[in-house]
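Everything below concerns the one structure shown next.
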There are 2 protein chains.
Amino acid sequence: MGSKTIAKAVNDPDETGSDDGALGDGVRQSSGQKVYTLLREQILSLELAPNTELDEVQFSRELGFSRTPIREALIRLASDSLVVLAPNRGARVAPLDLDQVPQVLEALELYERATTRWAALRRQPVHLALLEQRNREFAVACETEDPRVIVEANWAFHDAINQACGNKYLAADCSKMLRGVMRLSLLAFRQSDAQLSSYDVIEQHREMIEAIRSGNADLAEELVYQHSDEFRDRMKTFVAGTSTADFSLVGRRG
Amino acid sequence: MGSKTIAKAVNDPDETGSDDGALGDGVRQSSGQKVYTLLREQILSLELAPNTELDEVQFSRELGFSRTPIREALIRLASDSLVVLAPNRGARVAPLDLDQVPQVLEALELYERATTRWAALRRQPVHLALLEQRNREFAVACETEDPRVIVEANWAFHDAINQACGNKYLAADCSKMLRGVMRLSLLAFRQSDAQLSSYDVIEQHREMIEAIRSGNADLAEELVYQHSDEFRDRMKTFVAGTSTADFSLVGRRG
DNA sequence: AAAATACAATGTGTATACAGATTTTTGAGT
DNA sequence: ACTCAAAAATCTGTATACACATTGTATTTT
């Protein structure tokens, strides 16, 4: 890379919406960035329940910032589809529509099969190392038995596959999709505490890593398909068994 | 859809970043929305060249709005990866990095094959009608011989496939990717006026529509692959033949 | 008593003022 | 003449004030 670099991106997925944002080197974070990070955490962890109204003035009092950086954060969160803005009528946490879960899972399947396949085709030592580290961290996270921690660690593992796929555009889209699904996953975890065997998951992750390491793209794709298919089944069961009343009780602040 | 609708989205691609934005019914558009739409138009049409510095105060004078709605627009554009924000050092139009074109095209190929395949599997009369209309509009656009118009119409056709795929998450991602590529396409169109035969393109579009209509997913996928492969070849030729000096001359305002 | 309308309260949208950061200019020292 | 430093200018980041839209309420009218 770099010889013919005239400029930078067609659709650069970094820089803006990806992760903690422009932390850069040290500590100096703008207020807007802080608010954005904070709210995003709370939304993804369901501390802020879907559909919760987000009042600008209330936040400005609670958080000690003026409305300006809060509006800024809300706009960015809306671009991430984590918040819905209604013109002149405020913002609310993006609702979870169980009707659309099938579409979400369908797209996610496509993305994950592709990232895993490409990761196997391009296997880089750095990425393999990261995958193993993330799987170890996942194992540790499972010990805690805290859904929040487990789901986050699982996301981190799957995101490592994205990074390994060698295409940052697909990686960014897949990563975003996964984040959205994690919110659902966390919800399912809480509702039905259908304890899935974490040993199985860790082992499946391990197999995927090996398939990627050996460059066996077909196998890697098949494994991630099976792996996430189990997840899809759990999600479908969850959706089928969830009523409106049940759902509205979930995710209250406390 | 609709029976179990508790809420709305995991990662709803509408609402926020998609198109003209919340126009809703009538005319009332917020200033921020106007600025966003305007700047996006100018960036996508290369009126605002890649890497152009975007000064908030300058825009506020030129456009007659205060800095607030302009900042709002810039933040949204940054989330769309059309603008790059440097903390405390302003905004600029997202650069085009020719080094990353291969990655962009790779992701786009995946997305378009999937959308076309799924469109063929789900063929709805409404969507087929839209496809034909868009291809007719594309034919009309070709008459104008204005690259801007042709490229836009071509985008609209391919976006109709996205809408027909029945998965709004994939559709949104593919649509976004296509938009980014159109900027490249327009650039290539200007540089090397390698006039591709518009009749061929229209005919290829027609074949794709028929494959979708007949529900032949494999054929549809193959056709869109070939179709966009020609495009990829043109892009690669363009990238190979473009030097920094050439590029920096392109897209100046005037 | 019900419906409609005017009014008050609340909250978003925008403008402006101020504070902090960055870059440029200017001036002293070598 | 060149270098470095200090100050000014410029621009971003944030706070605040005001204008407008929406919503709920109370009063009036039928």
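Only this structure's heavy atoms are used, side chains among them; waters, hydrogens and symmetry mates stay out. It should be emphasised that the depicted structure is a prediction, and the values quoted were computed from it without experimental measurement. Per chain, numbering begins at 1; letters A, B, ... match sequence-line order.
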In whole angstrom, what separates B:Tyr36's OH from C:dG13's P?
-> 16 Å

Could you tell me the separation between the CZ atom of B:Arg67 and the P atom of C:dT14, rounded to a whole number of Å?
-> 15 Å

At what distance, to the nearest 0.5 angstrom, does CZ of B:Arg67 lie from CG of B:Asp55?
-> 9.0 Å

Looking at [X] and [Y], would you say the former's side chain and the latter's main chain have a donor-acceptor pair under 3.5 Å?
| X | Y | value |
| --- | --- | --- |
| B:Thr52 | B:Leu48 | no |
| A:Asn167 | B:Gln103 | yes |
| A:Ser45 | A:Glu41 | yes |
| B:Asp80 | B:Leu82 | no |

Can you tell me if A:Tyr169 and B:Gln100 form a side-chain donor-acceptor pair at under 3.5 Å?
-> yes

Compare all side-chain heavy atoms of A:Leu98 with those of A:Leu184 and state whether any distance is below 4.5 angstrom.
-> yes

Would you say the side chain of A:Asn162 lies within less than 4.5 Å of the side chain of A:Tyr111, judging by non-hydrogen atoms?
-> no

Could you tell me whether B:Ser31 contacts a base, only the sugar-phosphate backbone, or nothing, with contacts defined as non-hydrogen atoms closer than 4.0 Å?
-> sugar-phosphate

Sugar-phosphate only, base, or nothing, as touched by A:Thr68 at under 4.0 Å among non-hydrogen atoms | base

Quick test: give all pairs of protein nitrogen or oxygen and nucleotides 6-11 of chain C nitrogen or oxygen below 3.5 Å, distance rounded to 0.1 Å.
none

DNA chain D: first to last nucleotide in contact with chain B (atom under 4.0 angstrom from a heavy atom), 5' to 3', is D:dC11 to D:dT14

